[in-house]
Each structure stands twice: as structure tokens, then as C-alpha cells.
Amino acid sequence: MINMVFLGPPGAGKGTQSTKLVEEFGIVQISTGDILRNAVKSGSELGKLAKKYMDEGKLVPDNVIIGIVKSRLQQDDCKNGFILDGFPRTIPQAEALDDMLKNELNIELTHIINLNVPDELIMERLTGRRSCSKCGAAFHIKYNPSKKEGICDLCGGELIQRNDDKEETIKKRLDVYHKQTAQLQDYYKRSGKYFDVDGTGDPEDIFERIKEIVK
Ligand code: AMP
């Protein structure tokens, strides 16, 4: 069973590696960032609220995010295993997660994987990141370019840059990461299920490192 938390700075490759884990192990990915971006797209109340924070590189309030994750984890497809990608990001979120897993869902986390990538690399990764506006597939203008510029290899959709992948916003997101999220490493180190993984290099090599831990 894999019930995983993926830690790491924005641009560490959590989304890319989650996609590979989903394919290999048939588990579900719960990306709070994706859920919020879909809400923004749909124009819902949640989307309107979240957009303000996201565009500024700030965190959406804990109570909002915790509610979203709680209802997602209650769905049946999580019973075969899940990856939390981008949650928790603060100590109160981690505490709320512990509480809901133990007292309401009766589920235990099996792996906390922390993807390590130095800040210098993050900027290059995020400014070059593009994703398909239709199917969400991920590309990079230098490291993983699409065959036709601006067009998705998989579905032919248009490739776009995320609103928050602009240099100024990336700096803010990294700052938020160091101030509020990095301390989760110490929080989870006590669990005995915490693993540091080198997040630099070829995505396939990084995936092998992760598979060594979870298999
Ligand atoms: P991500 O795609 O994980 O980089 O998330 C994009 C943005 O969504 C973040 O910069 C936050 O504004 C918001 N967000 C995603 N997950 C969380 C979370 N767990 N707590 C607070 N805000 C979040």
C-alpha cells in the first residue's frame, strides 16, 4: 500500500513524479494546486477566493485547503492508495492531516518523500515550464520540449505558462516555501517514514530512486 506525502519546493518535480507513480502503481494523485486551478477555471466561489492568493504566490488559508483535502480523501478511489502532492504545506495542515487520518479515516501514511532541488535550479525549471491547457500534460521549453512549439504532443491542445510561473512570483513562492513549508521535514522526520530523495537530473533516474523506496 502506498499512502504518500510528497514534499519539496515548487518545481521540485512532484507533479511529474506523481504522474509516473499513478501509472506504475494505480494509485490516485491529490494535487491541491490542480484542484485550485480547476476551481479558478470554473469560476466557482472557491476559485475566486483562491485566485487572489495564487497569483501573488501566497498560500490559500489553511481551513480552506484542509476542507478540500478531507472531502477528497473520503472518496472511494483513495482506498487503494494516494499521493498528496502539494499538501500539507504548513504545520497546521500537517496536524490536521494527522488528525483526519487517525480519527476519521483510519488510514496511515506509508511514505513521506522529500524531493531536494536547490533554489538555483528551481528558477530555470519553473520559468521554462509549460502545460497543456486541455489535458494538463507537462513540458519544459529546454528539458522536455514538445515536438511542435506551443502544441501538446498528446492531445494537440495549446501549451500555456502558469500565471504564477513568472520570475517575481516564483521568488515569492520560494520564500513562502522556506518560511512555512520546509519545516515539515523536521515534523515528519520523527515518523520513521521520511525519505530524502535527490530531485536533480533525469526524471526517469529520479523515478528509479523513488521506486527503490516504495517497492
Ligand atoms: P502548486 O501547484 O502546488 O505549486 O500550488 C499552486 C498554488 O496553489 C500555491 O502557490 C498556493 O497559492 C496554492 N496552494 C496549493 N496547495 C496549497 C496548500 N496545501 N496550502 C495553501 N495553498 C496551496
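Remember, it's 1-based here, ligands and their atoms both numbered in the order they're listed.
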Contact region, L36 to ligand 1, non-hydrogen atoms below 4.0 Å, reads side chain
At under 4.0 Å between heavy atoms, what of K52 touches ligand 1? The answer is neither
_Applying side chain to side chain contact (heavy atoms under 4.5 Å, CB included), can you list everything that pairs with S131, at least two apart in sequence or on another chain?_
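With sequence neighbours excluded, S131 shows a side chain to side chain contact (heavy atoms under 4.5 Å, CB included) to I160, given in chain and number order.
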At a 4.0 Å threshold, what atoms of ligand 1 neighbour a non-hydrogen atom of R162?
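Those qualifying, in numeric order: 1 (P), 2 (O), 4 (O), 6 (C).
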Using a 4.0 Å cut-off to any heavy atom of Q93, which atoms of ligand 1 qualify?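 Here the atoms of ligand 1 in question are 18 (C), 19 (N), 20 (N), 21 (C).
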If you measure every N or O of [X] against every N or O of ligand 1, does any of those distances drop under 3.5 Å?
| X | value |
| --- | --- |
| P88 | no |
| V60 | yes |
| R37 | yes |

* Asked: With a 4.5 Å limit on heavy-atom distance, are the side chains of D164 and I170 in contact?
  -> no
Quiz item: Where the closest heavy atom to atom 23 (C) of ligand 1 is concerned, which of I65, V69, L126 has it?
Solution: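 Answer by nearest heavy atom: I65.
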Checking heavy-atom distances from atom 11 (C) of ligand 1 to each of K58, K51, R173, the winner is K58
Check: Distance only, no hydrogens: is a donor on one side chain within 3.5 Å (strictly under) of an acceptor on the other, for N116 and N114?
Finding: yes
re atom 5 (O) of ligand 1, the protein heavy-atom contact at minimum distance is R89 NH2, 3.4 Å
Atom 16 (N) of ligand 1: closest protein heavy atom, distance to 0.1 Å, is T32 OG1, 2.8 Å
Across all chains, not counting sequence neighbours, the salt bridge (charged side-chain N to carboxylate O under 4.0 Å, His left out) partners of E95 are none
Here the gap from L46 atom CG to K51 atom NZ, rounded to the nearest 0.5 Å, amounts to 13.5 Å
Of R173, K172, K179, the one forming a side-chain hydrogen bond (donor to acceptor under 3.5 Å, both in side chains) with D175 is K179
In plain terms, say whether K58 and E56 are close enough for a salt bridge, that is, a side-chain N and a carboxylate O under 4.0 Å apart.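 Judged by the 4.0 Å cut-off on N to carboxylate O distance, K58 and E56 do form a salt bridge.
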Margin query: Assess whether a salt bridge exists between D55 and R162, defined as any Lys/Arg side-chain N lying under 4.0 Å from an Asp/Glu carboxylate O.
Written below: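 Salt bridge: no.
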